[in-house]
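The next block holds one structure in the form of structure tokens; read it before the comments.
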Amino acid sequence: ARLRRLLLLCAALLACAALAAADLPPDLCGVKIPSAGEKLIGRFYTPALLTPESKAPGVLLLHGIPGTEQNHDIAYALRDEGLAVLLFHYRGCWGSSGSYSLENLEADIKAAFAWFTSQENVDADRIMIMGHSLGGYHALRLALEASNHGPVPCEKGERGWTVPSLSPAGTPPARIRGFVALCPLAGTDSV
């Protein structure tokens, strides 16, 4: 029993030392992402990382129809759990250039995804797409594509399910780990 307590104490001290050894504290920076000749304004949330070479799993966070909800609280919470998060605004929303149009959303999401997965501290093999309201619709649409039931073909390979439509030409297909859609239920105020 005494040896077990000593081992637990050593394990706890090593865990604390590892946390204290993080070279990079959590961060938040503004970004501009090109999409069809326009600039999408976004925020890139990075978690604490042990080394500059460390990679974190990522969440591409899609907001709903522009109004007042921008989902920064969700992005901060995800970052604090160790995830890199990209929260960006579609063309014509909250400072992004261009005109807002439902027709532009797919191209804007593709551009944001390509930018996000190219960041050196984002593990492109561990990406989740999360959306709220209209963004939830697009998260579900991409989930259907990834499960090979949607209009855009996907592929199952050595790396798992991929969505080639999200990947820039000449690059390996993007690998998606999960989808979360926060959509209001019809006739309710619930999600």
Side-chain angles (χ1 to χ4, degrees), residues 27-47 49 52-64 66 70-72 74-75 78-79 83-132 134-148 150-181:
D27 198 10
L28 167 65
C29 64
V31 298
K32 293 181 181 177
I33 301 165
S35 179
E38 302 293 345
K39 294 287 183 196
L40 308 178
I41 302 297
R43 291 187 179 174
F44 182 42
Y45 300 76
T46 53
L49 298 169
E53 295 79 29
S54 296
K55 292 186 177 284
V59 177
L60 178 64
L61 188 53
L62 309 175
H63 66 73
Q70 295 186 35
N71 305 123
H72 295 293
I74 295 171
L78 292 169
R79 182 199 65 186
L83 300 166
V85 180
L86 175 62
L87 176 57
F88 73 99
H89 303 305
Y90 313 117
R91 278 180 256 176
C93 299
W94 293 306
S96 290
S97 65
S99 298
Y100 177 76
S101 168
L102 295 176
E103 289 78 31
N104 293 336
L105 298 185
E106 286 187 46
D108 290 350
I109 292 168
K110 183 176 180 176
F113 186 90
W115 182 91
F116 186 48
T117 57
S118 73
Q119 300 309 297
E120 64 184 37
N121 293 116
V122 174
D123 185 344
D125 284 333
R126 296 189 295 160
I127 300 293
M128 184 174 73
I129 298 175
M130 178 181 209
H132 175 261
L134 178 66
Y137 161 79
H138 283 281
L140 288 173
R141 178 183 59 77
L142 292 167
L144 285 172
E145 291 175 13
S147 67
N148 209 21
V152 176
C154 72
E155 301 167 359
K156 182 157 175 59
E158 291 178 20
R159 298 176 60 221
W161 287 105
T162 62
V163 184
S165 66
L166 284 175
S167 303
T171 64
R175 183 174 181 202
I176 307 298
R177 287 293 204 172
F179 298 88
V180 176

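Residue numbers run from 1 in the order of the sequence given.
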Would you say [X]'s side chain and [Y]'s backbone share a donor-acceptor pair under 3.5 angstrom?
{"X": "E38", "Y": "R91", "answer": "no"}
{"X": "S97", "Y": "K39", "answer": "yes"}
{"X": "D123", "Y": "G58", "answer": "no"}
{"X": "S99", "Y": "G92", "answer": "no"}

**Report entry** Within-4.5 Å side-chain heavy-atom neighbours: K32 and I41
**Finding:** yes

Report task. For residues M130 and I74, determine if any side-chain heavy atom of one lies less than 4.5 Å from a side-chain heavy atom of the other. Result -> yes

Roughly how far, to the nearest 0.5 Å, is the [atom2] atom of [Y] from the [atom1] atom of [X]?
{"X": "L62", "Y": "L86", "atom1": "CG", "atom2": "CG", "result": "9.0 Å"}
{"X": "I129", "Y": "L60", "atom1": "CD1", "atom2": "CG", "result": "5.5 Å"}
{"X": "T117", "Y": "D125", "atom1": "OG1", "atom2": "CG", "result": "10.0 Å"}
{"X": "N71", "Y": "H132", "atom1": "CG", "atom2": "NE2", "result": "6.0 Å"}
{"X": "L83", "Y": "M128", "atom1": "CG", "atom2": "CE", "result": "7.0 Å"}
{"X": "S96", "Y": "N104", "atom1": "OG", "atom2": "CG", "result": "11.5 Å"}

Query - Step-by-step side chain to side chain contact (heavy atoms under 4.5 Å, CB included) determination, F113 to I127 - result: CA-CA 10 Å; F113 186 90; I127 300 293; 3.7 Å; yes

**Report entry** F88 ring center near W115 ring center (under 6.0 Å)
**Finding:** no

Shortest non-hydrogen contact between [X] and [Y], atoms and distance:
{"X": "F116", "Y": "A84", "value": "CZ-O, 3.5 Å"}
{"X": "G131", "Y": "A139", "value": "N-CB, 3.9 Å"}
{"X": "P47", "Y": "A56", "value": "CG-CB, 3.6 Å"}

Report task. Check step by step if side chain to side chain contact (heavy atoms under 4.5 Å, CB included) holds for L134 and L102. Result -> CA-CA 10 Å; L134 178 66; L102 295 176; 3.6 Å; yes

Query raised in the report: Given the rule in the side chain to side chain contact (heavy atoms under 4.5 Å, CB included) test, do L78 and Y45 qualify, once you have shown the distances and angles that lead to the verdict?
Result: CA-CA 9 Å; L78 292 169; Y45 300 76; over 6 Å; no

Requested in this report: Just say parallel, tilted or perpendicular for the rings of H89 and W94, cut-offs at 30° and 60°.
Outcome: perpendicular

Query raised in the report: So H63 and Y90, would you call those rings parallel, tilted or perpendicular, with 30° and 60° as cut-offs?
Result: tilted

**Report entry** For S118, side chain to side chain donor-acceptor pair (under 3.5 Å) partners two or more places apart
**Finding:** none

Query raised in the report: Can you tell me if NZ on K55 sees more than 12 non-hydrogen neighbours from other groups inside 6.0 Å?
Result: yes

